[in-house]
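Working notes, structure below.
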Amino acid sequence: MKILVTGGAGYIGSHLVDRLLEEEEVCAVDNLTTGNVENIQHNLNNPKFQFINDSVLNEELMEKLIKGCDVIYHLAAAVGVKHIVDDPLTSIKTNVKGTDIILDLAHRYWKKTLIASTSEIYGKSNQIPFDEHSTERVLGSTKIDRWAYSTSKAIDEHLAFAYSKKGLPVVIVRYFNSYGPRIDEKGYGTVVARFIKQALKGRPITVHGDGKQTRCFTYVDDTVRGTIAACTTKGAEGDVYNIGSNYETSIYQLAVLIKELTGSSSEITSTSYESYYGKGFEDTIKRVPSIINAKKKLKFEAKVSLQDGLKKTIEWCKKNYTF
Ligand code: UDP
């Protein structure tokens, strides 16, 4: 099998490439906006691997690649709330146009496609846990840039369902706060990357607001396993799956745990959202996935504990971050 991974040099994409290369040939496309060539450096001499430094918006290139592959994992996107808030225009265009191009070509050449989406889809809904089929999406005003991410990925999902209605085998995964080696504070996994860096430097660990907001952090090996399960399980097509742990942690608890695991003397401080995101930011206060559908249909459940995952991530950060 020849697999095309868009966003293949990104944080999740590069881990996915590593796993797929164990059995398949892989072509990764990435324009290195939030991706990093160092994430795939170790694969560059592998004859089963090809890397192309270009954008999914290059339709001519994408046509050639999609024609020549068997399966598409579409992960290329503008990711990370901070990144979206800093440049909403490019983010919306990359996410909507990119997925439109990929799905149009997948439909033309009839290739199975996985679309990577996000738990941002649920917005600030308070129907906990977030269930793929019943939780209503609750978003704020369009004047608040943060919601552009959720909205652009929702268009991607609608497109995928529309192509599915035309018979295309397509499946969607929604990631819940993945973290692990290769996280980058400028892209995906912001809070974990920032807190580890701050703790290792002995600088204040900056918790936004009261730190009571919660997330379910999911180790990248679990994220990748869930992604492959969604794409390879027969009968999973035409649907969307939450891929995440349901172990809920507050941001303050995360700060305490990282301080402990790094043995840092950093103080944990409360800072305003505004100081980081700018004016008019709205946060998701509670985010927990329902894991029932993934368990039932994909036989997938996250396994790595937050402690173990953070230990591995901290080890990687110690070796790879420059201070
Ligand atoms: N956060 C924080 N300090 C930081 C960076 C982020 O307290 O230095 C908070 C952020 O406001 C949010 C949570 O951590 O409540 C998760 O942020 P992230 O950008 O990692 O992901 P999100 O879940 O918001 O997409």
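In each ligand, atom 1 is the first atom listed, and ligand 1 is the first ligand listed. This chain uses plain numbering: 1 for the first residue, then up along the sequence.
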Thinking salt bridges, do [X] and [Y] make one under a 4.0 Å N-O criterion?
X	Y	value
Asp156	Lys153	yes
Lys48	Glu25	no
Arg174	Glu157	yes
Glu267	Lys259	no
Arg182	Asp18	yes
Arg108	Asp104	yes
Lys197	Glu185	yes
Glu315	Lys318	yes

For [atom], what's the nearest protein heavy-atom neighbour? Residue, atom name and distance, please.
atom	answer
atom 25 (O) of ligand 1	Val81 CG2, 3.3 Å
atom 3 (N) of ligand 1	Thr206 O, 2.7 Å
atom 7 (O) of ligand 1	His208 N, 2.8 Å
atom 8 (O) of ligand 1	Arg194 NE, 2.6 Å
atom 15 (O) of ligand 1	Asp283 OD2, 2.5 Å

Residue part near ligand 1, for [X], under 4.0 Å between non-hydrogen atoms:
X	result
Val191	both
Thr190	both
His83	neither
Ile251	side chain
Asn177	side chain
Arg287	side chain

| query | Among Arg215, Gln213, Glu185, which one has a heavy atom closest to atom 24 (O) of ligand 1? | reply |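 Nearest heavy atom to atom 24 (O) of ligand 1 lies in Arg215.
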Where ligand 1 meets [X] - atom numbers and elements under 4.0 angstrom, heavy-atom basis:
X	value
Tyr273	11 (O)
Arg146	24 (O)
Val207	7 (O)

| field | Lys/Arg cation over aromatic Tyr276: Lys82, 6.0 Å, 45° cone | value |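 Pair Lys82/Tyr276 counts as cation-pi.
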| Proximity flag Lys197 to ligand 1, non-hydrogen atoms under 4.0 Å |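 For ligand 1, residue contact (heavy atoms, under 4.0 Å) with Lys197 is absent.
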| field | Residues Thr214 and Glu248: side-chain donor-acceptor under 3.5 angstrom | value |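 Side-chain D/A pair, Thr214 to Glu248: present.
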